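We use all heavy atoms of the structure for the numbers below, so side chains are in, but hydrogens, waters and symmetry mates are not. Values in this document were obtained by computation on a predicted structure and should not be read as measured data. Whatever order the structure lists them in is the order used to number ligands and atoms, beginning at 1.
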Amino acid sequence: MTPSYKALVPFVSVDHMMQLIHHIGLEPMLRGLADYIEADFKRWELFDKSPRVASHSAEGVIELMPTSDGEVYGFKYVNGHPSNTAEGLQTVTAFGLLADVATGYPVLLSEMTILTALRTAATSAMVARHLAPKGADTMAMIGNGAQSEFQSLAMKAICDVNTVRLYDIDAQATAKCARNLAGHGLNVIPCATPEEAIQGAQILTTCTADKQYATILTDNMVGAGVHINAIGGDCPGKTELAPAILHRSDIFVEFPPQTRVEGEIQQLAPDHKITELWQVITGAAPGRTSSQQITLFDSVGFAIEDFSALRYLRDQLTETGLFYNLDLLADPDDPRDLFGMVQRAAP
Ligand code: NAD
């Protein structure tokens, strides 16, 4: 039986996503995503917002991240399992959906493992564009796993970073990252220690995966004036920064009710002063105010960034045709005759 056209849902597979990146170009795509994310941060107040719904286990977490702007609804399914890589599996995998609020019908389903890496990197760089010190051209990239090349190239495409200094406890991860970044126009410097990696860097990115209160940066590693892009601490009991660093930093977050539970600031008092990023982006709150200030983006990843990424993706599909039509919704000619439709399908 042929499904009715109006019920077909465009589905962007992993293969389509990879083709799309090569069609648009990675850096233009990161810039496009950053623009969509920034535009949605500017209209932050009109979104439905709630902390993501997390189901924790000993091995990791599975999360649902919903939001809506009143016209379009979106959600992402995402997991975080730091021990997966030892089994040959990804730490983070994801897929997501957009739906029309007026009818409730899904309008896009997509892989989001790759799209999450892109949107996380685009968000980091968009935020760094607002908070990093003027003239920042060198980033320390600590944690050289799945996200690391995307983080590095977004900082190049959006913030004019020209040098990345890599460190990972696993030298093979650093070698992989350096190999992948070769030929992309960045000066790539593999380092043997985190202390070496931060030398001369104005942007410090931590992007490690470990389900514990880890100390990737100690207090004495963080000098005045740097911008910290803390990506990996994104779950209760999973952080990357020594608490003393947080006390010396001005801290910027996505959605406080989620970040208080999941971010670096879970280590602080619940009323510790933080600034919401959307307010910096709209000009309602100051961002960086001095060259000596330490700014910290306590990133956990918020539903609106995924919504923006899916919105960007949807806007590319007509031109590229990079999707399948998925027979996802039962849609009988007579809406009340669902049973009849099943019966007529008898072999
Ligand atoms: P990954 O497992 O592919 O890579 C993590 C890397 O960190 C590994 O290479 C590992 O060897 C390294 N590492 C672990 N402990 C370290 C230490 N003490 N010092 C240096 N390196 C260390 O994971 P990934 O997909 O790249 O994700 C990295 C982290 O980012 C995860 O914790 C993930 O949950 C988080 N994440 C956050 C967001 C967000 O929006 N904030 C989005 C995606 C992923």
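With salt bridges taken as basic N to acidic carboxylate O contacts below 4.0 Å, one links Glu262 and Arg52. Ionic pairing of Arg129 and Glu38 is present here: one or more N-O contacts between side-chain nitrogen and carboxylate oxygen are shorter than 4.0 angstrom.
For the atom pair OH (Tyr324) and CG (Asp15), the distance works out to 6.0 Å, reported to the nearest 0.5 Å. The distance from atom CG of Asp48 to atom CG of Asp69, rounded to the nearest 0.5 Å, is 9.0 Å.
When all heavy atoms of Arg119 and Gly301 are compared, the closest pair comes out as NH2-CA, 3.8 Å.
In this structure, Gln90 has no heavy atom closer than 4.0 Å to ligand 1. No heavy atom of Phe302 sits closer than 4.0 Å to any atom of ligand 1.
Of the protein's non-hydrogen atoms, Ile216 CD1, 3.5 Å is the one closest to atom 17 (C) of ligand 1. Looking from atom 4 (O) of ligand 1 to the surrounding protein, the closest heavy atom is Gly145 CA, 3.2 Å. Among all non-hydrogen protein atoms, the one lying nearest atom 29 (C) of ligand 1 is Thr208 O, 3.2 Å. Residue, atom and distance of the protein heavy atom nearest to atom 28 (C) of ligand 1 are Cys207 O, 3.5 Å. In this structure, atom 34 (O) of ligand 1 lies nearest to the protein heavy atom Asp234 OD2, 2.8 Å. For atom 41 (N) of ligand 1, the closest non-hydrogen atom on the protein side is Ser299 OG, 2.8 Å. Among protein heavy atoms, the minimum distance from atom 20 (C) of ligand 1 is reached at Ile169 N, 3.4 Å. With hydrogens left out, the protein atom closest to atom 3 (O) of ligand 1 is Ala146 N, 2.9 Å, a heavy atom.
Not one N or O of Glu305 is nearer than 3.5 Å to an N or O of ligand 1, by distance alone. Of the N or O atoms in Val92, none lie within a sub-3.5 Å distance of an N or O in ligand 1. Checked by distance only, ligand 1 and Asp168 come closer than 3.5 Å through their nitrogen or oxygen atoms. Of the polar atoms of Arg119, at least one N or O is found under 3.5 Å from an N or O of ligand 1, judged by distance alone. Of the polar atoms of Ile142, none of the N or O atoms is found under 3.5 Å from an N or O of ligand 1, judged by distance alone. Inclusion of Thr91 in the set of residues having an N or O under 3.5 Å from an N or O of ligand 1 is warranted.
His23 is linked by a ring-ring contact (aromatic ring centres under 6.0 Å, His included) to nothing, counting only residues two or more places apart in sequence or in another chain.
Annotation for Ile216: hydrophobic cluster partners, listed by chain and number, are Ile142, Tyr167, Ile169, Ile198, Leu204, Leu217, Met221, Val222, Val226, Ile228, Leu241, Ile245, Leu246, Ile251, Val253, Ile265, Leu268, Ile274, Ile294, Leu296 (ILVMFWY side-chain heavy atoms under 4.5 Å, direct or chained).
Of all atoms in ligand 1, listed by their number and element, those nearer than 4.0 Å to a heavy atom of Val300 are 39 (C), 40 (O), 41 (N).
Counting only non-hydrogen atoms, the option in Glu149, Met141, Lys238, Gln212 that gets closest to atom 32 (O) of ligand 1 is Lys238. Considering only non-hydrogen atoms, atom 42 (C) of ligand 1 lies nearest to Thr120 out of Thr206, Asn144, Thr120.
Note on ring orientation: taking the six-membered ring where Trp is involved, the planes of Trp44 and Phe302 are tilted (angle from 30° to 60°).
Crowding of Glu45 atom CD: a count of heavy atoms from other residues, nucleotides or ligands under 6.0 Å not exceeding 12. Other residues, nucleotides and ligands place no more than 12 heavy atoms under 6.0 Å from the CZ atom of Arg314.
Side-chain contact check for Gln202 versus Lys134: every heavy-atom pair is 4.5 Å or farther apart.
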